[in-house]
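Convention: sequence-line order gives letters A, B, ...; per-chain numbering from 1. Atoms considered below: every heavy atom in the structure, side chains included; atoms not considered: hydrogens, waters and symmetry mates.
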Number of protein chains: 2
Amino acid sequence: MENEQIKQAGLKVTAPRVKILSILERSGKRHMSAEDVYKELLSQDEEIGLATVYRVLTQFEGAGLVCRRHFESGQSVFELNSGEHHDHLVCIKCGAVVEFLDPTIETRQKRIAAEHHFKIEDHSLVVYGLCPECQGKR
Amino acid sequence: MENEQIKQAGLKVTAPRVKILSILERSGKRHMSAEDVYKELLSQDEEIGLATVYRVLTQFEGAGLVCRRHFESGQSVFELNSGEHHDHLVCIKCGAVVEFLDPTIETRQKRIAAEHHFKIEDHSLVVYGLCPECQGKR
DNA sequence: GGACAAGATGCGAAAGATTTTCAGTTTTCC
DNA sequence: GGAAAACTGAAAATCTTTCGCATCTTGTCC
Ligand SMILES: [Mn+2]
Ligand SMILES: [Mn+2]
Ligand SMILES: [Zn+2]
Ligand SMILES: [Zn+2]
């Protein structure tokens, strides 16, 4: 359960951490902002401050439990770390997210970095568009 | 000159707009933040407020004169709109930027969006790493 | 089970980036 | 030149995220 993951991450097992991790796990809609998590906690009558949510998410990130993403919405969103890198397709209308991994793109990126003698550290690829459901509506 | 571009963009020709556009044009180091532009104005003894810089950059963006980028630094950076799409390679140490365009990647992105029935609108690809100069130093 | 130090928490204040407000100024057009 | 419309700087307001700190908890050791 959550307790084990938190312990293994080298963090003390506390109520806020267990709650937040479990919210991220249950959330079928992954990629939640700190505010989203906070609201979910409120709706569950949990007495956890927003600052704690940010603090815990940042600690989880440091521990490799979650990944922080920057979809240009002004706020960071978090998702459980699946262990495998992937990129995102994001609906600009409803926010739906589809994850993908394209070996060809990954390879080309490495080649491009090499061509410019850059030592690649990371990359962020986000494709924005309208999901199937949002295309019909205006 | 600048006046024409501003006029054609449907904006009134005012001193702040002309100044800011010319700074972006002269700036060999493209990709300036609003703050960068503001500092440059200060160094030229121009009496232009930071709010105006933000306002003008946003208007220029709306008019298609400049592009706003989000390199995960917390603040937006702007560059003149060259008219041609391109992606970026950014040095995480010194901030150097290299622009590139890879047809293969562009094509694959379109295919991926199509596979998921997304109507693609835009995308952002940024590769982070260490530039040649920054690799030696620790 | 209780004592303790290390580590966490909640809250309000503070920060950093960007936007809004507003009263005074400038540009455009006739 | 003059009026309407658009623009501007400065300050205040937002928004998101982080800090400071007094107050709790947890993990560990008798
Ligand atoms: Mn994801
Ligand atoms: Mn560029
Ligand atoms: Zn959608
Ligand atoms: Zn560098």
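Rounded to an integer number of Å, the gap from B:Ile48 CD1 to D:dA10 P is 11 Å. For B:Leu42 and D:dA10, the CG to P distance is 10 Å, given to the nearest whole Å. With rounding to whole Å, B:Lys12 atom NZ is found 16 Å from C:dT25 atom P. Rounded to an integer number of Å, the gap from CD of B:Glu35 to P of C:dA15 is 16 Å. The distance between atom NE2 of A:His70 and atom P of C:dA17, rounded to the nearest whole Å, is 14 Å. Regarding B:Ile6, its CD1 atom lies at a distance of 14 Å from the C1' atom of D:dA6, rounded to whole Å. Atom NZ of A:Lys19 and atom C1' of C:dT9 are 17 Å apart (whole Å). Between the CZ atom of A:Arg17 and the C1' atom of D:dT26 there is a distance of 10 Å, given to the nearest Å.
Ring planes of B:Phe71 and B:His31: tilted class, angle from 30 to 60°.
The side-chain heavy atoms of B:Phe60 and B:Ile20, taken from C-beta on, include a pair separated by under 4.5 Å.
Annotation for B:Cys91 and B:Cys131: closest pair SG-N, 3.4 Å, computed over non-hydrogen atoms.
No hydrogens or angles considered: a donor-acceptor pair under 3.5 Å links the side chains of A:Arg55 and A:Thr52.
If you check every strand for non-hydrogen atoms under 4.0 Å, A:Glu47 touches sugar and phosphate atoms only. Base engagement by A:Thr52 is indicated by at least one non-hydrogen atom pair under 4.0 Å involving a base atom. Here A:Leu50 lies in heavy-atom contact (under 4.0 Å) with a base. The residue B:Ser33 sits apart from the nucleic acid: no heavy atom pair falls under 4.0 Å.
Checking the phosphate oxygens (OP1, OP2) of C:dT18, a side-chain nitrogen or oxygen of B:Tyr54 falls inside 4.0 Å.
Taking every side-chain heavy atom of B:Gln75 into account, C:dT18 is the closest of D:dC7, C:dT18, D:dT8. Distances from the side chain of A:Arg55 to the nucleotides D:dA10, C:dG10, C:dA17 place C:dG10 closest. Nearest to the side-chain atoms of B:Thr14 among the listed nucleotides C:dA8, C:dT27, D:dT18 stands C:dT27.
Other residues, nucleotides and ligands place no more than 12 heavy atoms under 6.0 Å from the CD atom of B:Glu47.
Where B:Gly10 and A:Ala34 each meet DNA chain D at their nearest nucleotide, the meeting point lying more 5' is that of B:Gly10.
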